[in-house]
4 protein chains.
Amino acid sequence: MHVGVLTGGGDCPGLNAVIRAVTLALLADGVRVTGIERGFLGLVERRVRPLDAAAVAGILAEGGTILGTHNQANPFAWFGAGGADVSADTMAYVRELGLDALVAIGGDGTMSIAHRFERLGLPVVGVPKTIDNDIAHNERSFGFDSAVAVVAEALDRLATTARSHGRVMIAETMGRYAGWIALEGGLAGGADVILIPEQPFSVEAVAARCRANEQAGGHTLICIAEGAAARGEAMTVMRTIESSPDPIRLGGVGHWLQQRLQPLVASEVRTTLLGHVQRGGTPTAFDRVLATRFGVAAAQLVQQRRFGHMVALQGSACTAVPIADVADRNRRVPPDDELWRAAQAIGVCLGEV
Amino acid sequence: MHVGVLTGGGDCPGLNAVIRAVTLALLADGVRVTGIERGFLGLVERRVRPLDAAAVAGILAEGGTILGTHNQANPFAWFGAGGADVSADTMAYVRELGLDALVAIGGDGTMSIAHRFERLGLPVVGVPKTIDNDIAHNERSFGFDSAVAVVAEALDRLATTARSHGRVMIAETMGRYAGWIALEGGLAGGADVILIPEQPFSVEAVAARCRANEQAGGHTLICIAEGAAARGEAMTVMRTIESSPDPIRLGGVGHWLQQRLQPLVASEVRTTLLGHVQRGGTPTAFDRVLATRFGVAAAQLVQQRRFGHMVALQGSACTAVPIADVADRNRRVPPDDELWRAAQAIGVCLGEV
Amino acid sequence: MHVGVLTGGGDCPGLNAVIRAVTLALLADGVRVTGIERGFLGLVERRVRPLDAAAVAGILAEGGTILGTHNQANPFAWFGAGGADVSADTMAYVRELGLDALVAIGGDGTMSIAHRFERLGLPVVGVPKTIDNDIAHNERSFGFDSAVAVVAEALDRLATTARSHGRVMIAETMGRYAGWIALEGGLAGGADVILIPEQPFSVEAVAARCRANEQAGGHTLICIAEGAAARGEAMTVMRTIESSPDPIRLGGVGHWLQQRLQPLVASEVRTTLLGHVQRGGTPTAFDRVLATRFGVAAAQLVQQRRFGHMVALQGSACTAVPIADVADRNRRVPPDDELWRAAQAIGVCLGEV
Amino acid sequence: MHVGVLTGGGDCPGLNAVIRAVTLALLADGVRVTGIERGFLGLVERRVRPLDAAAVAGILAEGGTILGTHNQANPFAWFGAGGADVSADTMAYVRELGLDALVAIGGDGTMSIAHRFERLGLPVVGVPKTIDNDIAHNERSFGFDSAVAVVAEALDRLATTARSHGRVMIAETMGRYAGWIALEGGLAGGADVILIPEQPFSVEAVAARCRANEQAGGHTLICIAEGAAARGEAMTVMRTIESSPDPIRLGGVGHWLQQRLQPLVASEVRTTLLGHVQRGGTPTAFDRVLATRFGVAAAQLVQQRRFGHMVALQGSACTAVPIADVADRNRRVPPDDELWRAAQAIGVCLGEV
């Protein structure tokens, strides 16, 4: 048997741990493993390399992916929505390589593409990758714990400045649609205010919390997801350098909030946009273990020929769900989420009036 | 309502996060909260302090417990097996304080004592604390992730030395009866060999792995739990300084293994006993969140008057189990454990012949 | 003898280590120590607290300053350039407190104010505080190593993403006038390009390096100080939200460079503005030791009545320089700096044509 | 020109940063660079590899040495004191390779061997490597800051346990002859007691400090170098497993102190032997920069043909000293050391009566 492995979409800590585990587990079973470079780009541009024990030695703790990845390489619409369909050529290459199956490690987009290849005759096993922890039917994805750890450490750092100066410090985290990183990171970092996309916030509620802290002689730590939105207010959260063909995001909801909040409070308000450091670097121990479990589970799905499925964590068990159930859906923080209610219970301001 | 909070047994990262969450959640509900110092010792020696928002501010990220703890303070057998029963005096003090309930954060031993106080008329809610992750009916305890992270980081460090010198490096972790720390820490740190109490090991199997690595030009990283035992061999694992009234543990199974392994392999073998650093320091982000959830869940059990129960994590949900079901039992790595099988799948040597 | 201690200006890791050391060393000498809150603000608003061994216990590893600080509290120009001179009132309070001397921990601005108080009759000893490592006559200041460590760790993280995606990643660090943080942080983080205020850069030179890396199949890591400037080009580096009374900095030279660089290279270019996380959090071991040395040296200057002096590190020795020599001057990276030349020697692109 | 590079003796964080910098700086000058594997072993066993930009890419942050090292490979006394002199064969291989010079990165022993090869006609430049910071004429060596950081972090962790239990915690660090690691690590970690080889300690003085802390309601943190010795007392600090041909060190001065201290104090006393984790892992930012400077300086010595010299840090400047001045000497903590006196000034117990 001969299996290809690729990583697609944005990078995230733990990808290498998956690659290592799936490779070692397949090799132990006598399967030949080939790494495809830069996601589906490698299948189109015909860039592959053999994966053996030596190739995956020492990569467990490395961030990113040794195979490389690509955000936009879709063989069904090559580079953009109106792009050419190069899937037939791609399948020809798959047959040339003699691949019996593909392990696709990626998010929504990667799963959708993989699903289409499956219908063209390339059996696929999926491994969910989402720094935002928002893939449907999967309770926890590798990389998420690492991102939360970065946010918590940043809040630890910002807290010392906030305390020393009596300031309001705003930290803007990843999370365009799902607030998991801001919620867990904010709880772990002791944020006074946590604002997520799923719950529109009131600027006045946030200001009230800041003023209450000021009166108690303290500072305020705000953790806001990039996708959080003010209740009933039109936000112009993006500022771009106009002349740029590819506009650059300069400030987001964090800066917008700072601008609105400053006139309402006595303390100085400052914003930090955490940015790309949230998704790089060595995975936490938790993510290394989870990614290893996912890699082994993917190898087992291959061995059991349970194609068309994606590995998923449900409760504490590694299980599998049909890829078709996953594509184009995502998992958000529900109103009755236990963590959300825990935040409420300890008095974290969640932005509601 | 007036609730006491105590922490008993060995310390562990996340205790302060529990204290903070249970206090904030109870205060928000109008409950008066009193901290009892040094576990049950404080109830006997009458050392308590009020807990309010200011008292728990800024403790989320601090290791250990602001209340202090004690390993041996059992009011039913005061300092040792034949000790006096001072529980009546203790209950008198409880009534004097006007405590309506007690939140006891601790392990097996603390739960057993709490259970006996419950029968004397002090309603109790338990929060499981075990660095070893071995409390029955609770899948993951706070502090465990922090210990695993310390082990993984230590293995990362030892790996660079092992690689540079072509050595066999043995790291001995906590885990007298349950191998969870060695198993997860070993997996996260990329150990070649993981040895745990639940699976007797063969020295020859370990040596064979070391020799195979030597032939491949590599080093070997061994992660062994302090309670691991060789198959069919009497081990004299403890060396003590004889004249000491309280014998000091100098070396354990790691050193024993080094002694047996050295003649069987070509490389130098070295041992590191990780010791107390595994249980101290700031909790990981994961543990801060879990401990916060546990604290909130304990406050809710108090508010719902579901006494006699201990908070527990099952799957991904915080739930509650009767304390009576927990006392004197513990959770070990089962033969069919998913993580154990994952380790096997990627070729980790688990010591069996 | 009775000595006041204050921290002024921006916070920085190691302030608490100085406060602890100066307090313990003075106490050991029989001196009474009083902490002044929030810099010179505390002398005006009459907020002080006694400092004894208990007050400084456990603060060594804490970021920020337990005394609080203030950026703009100048008794000679109360809140801004045209502000009232309240120095006479302040001196009255100093006499009321019975302060024999003041230990002022701060930067340029704090030293200037302290110098003026000295002339009003309050003997002063200075301790240099600058996250940018740019105080004249002082080769290394506490907090700087911590900031460099944050930058290096951020570059480590960004490198994994850059490598996985084949990107150009720009990290913008602190350093408005002096490039020490970008230079040391960039070297420590393995940056391919380091741009500092002391050396105007050519966009084309940077682009050439990026293209060379692209051709070698690699990524590019750029570390740029916020004060770096393009050679011969007018930069509009600041974008603000217009309606804000206190304009918010949204993007700086890093985003400006991204905008100019993107059309010149094939890879995606992304920018991260490291922001406030560079100055918060627990100090590195190096900074804890240096800050302790500075605190002890300040106490010794007090004991020797060498007032009007500031502690300084020259070579490896703690020495003292007249405060008058320090005020309003700063230390920049000279063209023949050894580190700068080391960066050149290993082929780091420093922006010159 | 053709230059060989080797790393000898124990490993230490920053070796790869030196290898990278010396390689890049020599390559930029048109020099051919060859890496010799496992120290002088590679010259005897004829194991070398070319070093180019690709070979040293990405190794800056890696602990250990990509070239490997060996503790005992001395071509003048092959494997042990009575070993054969294989230096003539080694020189034949050197001539065969066409090496014009050797950059030897190592400690005392490596410098002595290098010095002898110099007299046989192989020009040598030395780079000092000592985790203990004890090479003569060199004020700070790479790897030392990383070891100090590990000790400080361990003390941070142990402090939380000590505080929670009211314990005396002893941490034994590296430092057989020189106490720099214990001194700086102890200061950085807030140790109450620091014991180093240069200053014999009195058990009673240590016990007195523990009792004073007990009376103040606190715990005690002791940092002791492995080479520290009790004043006027014969210590039997080593316990070995007798049957081992290569006796294993089970416990050292830390456990010895625990045994003596326990009867003299009320609290529990516990010991942690920090071991090999002190020398592994990624170097701190400080060490990455210092190692890079050392590598560049070594390349410059080669380019200037200043052979027979070793790079050295004096004050803040990289300079060079004759290797002959360095061999068989080491740098200890002098009685008037500024750091030592700083420790005294803040009341750290240094063991003297």
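The structure presented is a predicted model; accordingly, all values stated were derived computationally and were not measured. Each chain gets a letter, A, B and so on, in the order its sequence line appears, and its residues count up from 1.
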* Do you know which of Thr292(D), Leu313(D), Asp287(D), Asp156(D) has the most heavy-atom pairs with chain C at a distance under 4.5 angstrom? ->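 If we count pairs closer than 4.5 Å to chain C, Asp156(D) comes out on top.
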* Using a cut-off of under 4.5 Å for heavy-atom pairs, which of Ala285(D), Ala188(D), Gly315(D), Ala61(D) has the most such pairs with chain C? -> Ala188(D)
* Arg32(C), CZ: over 12 other non-hydrogen atoms inside 6.0 angstrom ->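 Count not over threshold, so no.
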* **Greater than 12 external heavy atoms within 6.0 Å of Arg140(C)'s CZ** => yes
* **Close side-chain approach of Arg288(D) to Leu187(C), heavy-atom, < 4.5 Å** =>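 SC-SC contact between Arg288(D) and Leu187(C) ruled out.
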* To do: Identify which part of Ala317(D) has an atom lying under 4.5 Å from any heavy atom of chain C, answering side chain, backbone, both or neither.
  => backbone
* Under 4.5 Å from a heavy atom of chain C, the part of Glu184(D) involved -> both
* **Proximity breakdown for Glu139(C) and chain D, heavy-atom pairs closer than 4.5 Å** => side chain
* Measuring heavy-atom distances to chain D, does Ala25(C) have an atom under 4.5 Å in its side chain, in its backbone, in both, or in neither? -> both
* Asked: Which one of Thr284(C), Asp145(C), Val148(C) satisfies the side-chain contact (heavy atoms from CB on, under 4.5 Å) criterion with Phe286(D)?
  -> Asp145(C)
* Where do Val296(C) and Ala345(D) come nearest, in terms of heavy atoms and distance? ->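 So the minimum-distance heavy-atom pair works out to CG1-CB, 3.7 Å.
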* Non-hydrogen atoms of Gly189(C) and Leu60(D) that approach each other most closely -> C-CD2, 4.0 Å
* Greatest number of heavy atom pairs closer than 4.5 Å to chain D - which of Ala152(C), Cys318(C), Gly190(C), Gly347(C) ->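 Between Ala152(C), Cys318(C), Gly190(C), Gly347(C), the count favours Cys318(C).
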* To do: State the CD1-CZ distance between Ile346(D) and Arg293(C), to the nearest 0.5 angstrom.
  =>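 So the gap between those two atoms works out to 12.5 Å.
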